[in-house]
Amino acid sequence: MQPIMIQLKGIHKTYFGAQPLHVLKGIDLNIAEGELVSIMGASGSGKSTLLNILGILDDYDEGEYHLAGTLIKNLSETRAADYRNRLIGFIFQSFNLIGFKTAVENVELPLFYQGVGRRKRHQMAMEELEKMGLTDWASHYPNEMSGGQRQRVAIARALATRPKIILADEPTGALDSKTGVEVMQLLQKLNREEKITMIIVTHDPGVASKTNRIIRIKDGVIEE
Amino acid sequence: MKVDIDSFHELLQTLMRNKTRSFLTGFGVFWGVFMLIGLIGGGDGMKEMLNSNFEGFATNSAIIFGQPTTKPFHGFRKGRIWSLTAGDIERLRQQVPQLDVISPMVSKWGVQAVNGDHKFNCSIKGLLPDYAKVDAPKIYYGRFINEMDIAQQRKVCVLGKKVYKTLFPGGGDPCGQLVRLDSAYYSVIGVDYAGGNMNINGSAEEGVCVPLSLMQRAFNMGDHIDLIAVTGRRGITMSDITSQIREVIARAHDIDPTDEKAVTVFNTEVLFGLLDNLYHGVDLLIWLVGIGTLLAGAIGVSNIMMVTVKERTTEIGIRRAIGATPRTILTQIISESILLTSVAGMSGILFAVLILQMMELGFTEDGIVTAHFQVDFWIAIGAAALLAALGVLAGLAPAARAMSIKPVDAMRED
């Protein structure tokens, strides 16, 4: 058994609006290093909230979350930003590239925030793009690229800082089935060859079936 | 956050993304600074121009002249015509010791000055040398009338600027040459370039000055005097001794000492006091309008930045998700604001300075600057500092909003 990368213990999360909404009702979950996991669930099941907590984008009310041995709880915004930058790579359904920056500039951005020097980060970004087969597209803007290319730029950006885990939110949701399959194959390859822990949130059974383990969420609890 | 070329590149990129908007927003600040600097410079120039009207004029002075009486006195009816005489000068000197200079003047209008075939219709003033202490001449060539001219009753004259330019169109030093005034020839001893508009008995530019004694004789004036210019000693307030002056003169001429019209004492001090108030009022207005316009520009920047931040919610969310700290975002938004305000503001300063320089050039004659419109170097520096401060202030509210954007918001678009 590989060492544990993510450890959730009794995570509770309630959104306090006009009507308090108890979204996560005690989540216990362990994910080992190098695992390729998918999280499935109907909309409103709490899977997005779980992903936000895993990605340190949102806080939780009760329980404990250890990421790579560090307790992630009540962090200041600055600390959270630092952990996100160093430990986690994000891949979004709608790519979330910055439209007025070229592919390589987008990939450089997390390195820029990490304080990597200009020349160095350009070189690192180019290496990542090369792995994605996008060397020729480095100086193109996102709107000049196809959905698949954009998602590969986003993957390159997520990988640029060499994170411990990759969190992907519906990575194939905005792509046609053929491109979706290609992107999934790419993610599988990365998981296999670079041993990156990967968590994919999806409601597509086809995508989920490509992962080693499927976690189903229903009404804020896990039913594996 | 590392500061390198790319940080700056980022700023430019975001500002250039919406050129028209950045330009229009910047224009508000540009116009504000332009107004402020332009008004300060223009105000100073105007003030100087206004002051040049009183150029060389002693501030603590008064002019005394006679007009028909308005009150009956000692059996005389009102409306009697009288005039000052040479005796009044001695009387004032003895009975009003607070006076410093007491200088009489006679004048004649419509005299033709002729040099060859150049003619000019001028006024002649008969003066004593100490008149220069009341209304200082700006001698360009030669000298002013001196004691020897008076004592020897020399037939000499000092030409006003316009008279000189007309009679000697070729320029050059006219001293020693003869000029005919009506029927007699006078030797030119100097040229007076004083251009103030506050003149006694006609503009100095269009006048010719000759020694008083000579004039009284040449034009058969007896000891009649048109007016007396006086200055107060140091520490004396003119308005305090006005009635004393009037009384001394009135008594000698059988005039009611309370007849302010008959013995008119025109006090320049009151005029200067009035001007001072005017200047203060204008200054206040300039700063109010200038700062107000600038502030409106800065608020415009703040407003637009607010819209921009709202528009960029997704982008800022993404940045936060991939590791931008709130501080990074704060720095970025405030830097954008500072860059926008200072670039626009600097162009405003530059443009204003350019316009002021052009105005100053327009008011330069014969290499002499008549009005300084250009602002002080330190005012420009101060304006630049003010702009930077305004940039920070304008960026604060939008930056606060940008910082409150949670990375989660970026993913909430679908």
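Chain letters run A, B, ... following the sequence lines, proteins first, then strands; residues in each count from 1.
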inquiry  = Given heavy-atom pairs under 4.5 angstrom as the criterion, report whether the side chain, backbone, both or neither of B:Arg319 touches chain A.
reply    =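 Both parts, backbone and side chain.
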
key: A:Leu97 versus chain B, the contacting section by heavy-atom distance below 4.5 Å   =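 Looking at A:Leu97, just its backbone touches chain B.
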
request  = Give, as side chain, backbone, both or neither, the part of A:Arg157 having an atom under 4.5 angstrom from any heavy atom of chain B.
outcome  =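 Only the side chain of A:Arg157 comes within 4.5 Å of chain B.
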
Are there over 12 heavy-atom neighbours, none belonging to [X], within less than 6.0 Å of that residue's [atom1]?
X        : atom1 : value
B:Arg21  : CZ    : yes
B:Met46  : CE    : no
A:Lys120 : NZ    : no
A:His66  : NE2   : yes
A:Lys164 : NZ    : no

Of all heavy-atom pairs between [X] and [Y], which one has the smallest distance, and what is that distance?
X        : Y        : value
A:Ala81  : B:Ala324 : CB-O, 3.6 Å
A:Phe90  : B:Ala321 : CE1-O, 3.3 Å
B:Thr328 : A:Tyr113 : CG2-CE2, 3.4 Å

message = Under a 3.5 Å distance rule, please check whether B:Arg327 uses its side chain to pair with a backbone N or O of A:Thr78 as donor and acceptor.
response =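 A pair under 3.5 Å: no.
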
For chain B, the option from A:Ile98, A:Asp82, A:Thr161, A:Ile88 that forms the most heavy-atom pairs under 4.5 Å =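 Result: the option with the highest number of such pairs is A:Ile98.
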
task = Select, from A:Asn85, A:Leu109, A:Ile56, the one with the greatest count of heavy-atom pairs under 4.5 Å involving chain B.
result =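 Highest number of pairs under 4.5 Å: A:Asn85.
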
Interatomic distance, A:Arg84 atom CZ to B:Arg320 atom CZ [nearest 0.5 angstrom] =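 Reported to 0.5 Å precision, the distance equals 5.5 Å.
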
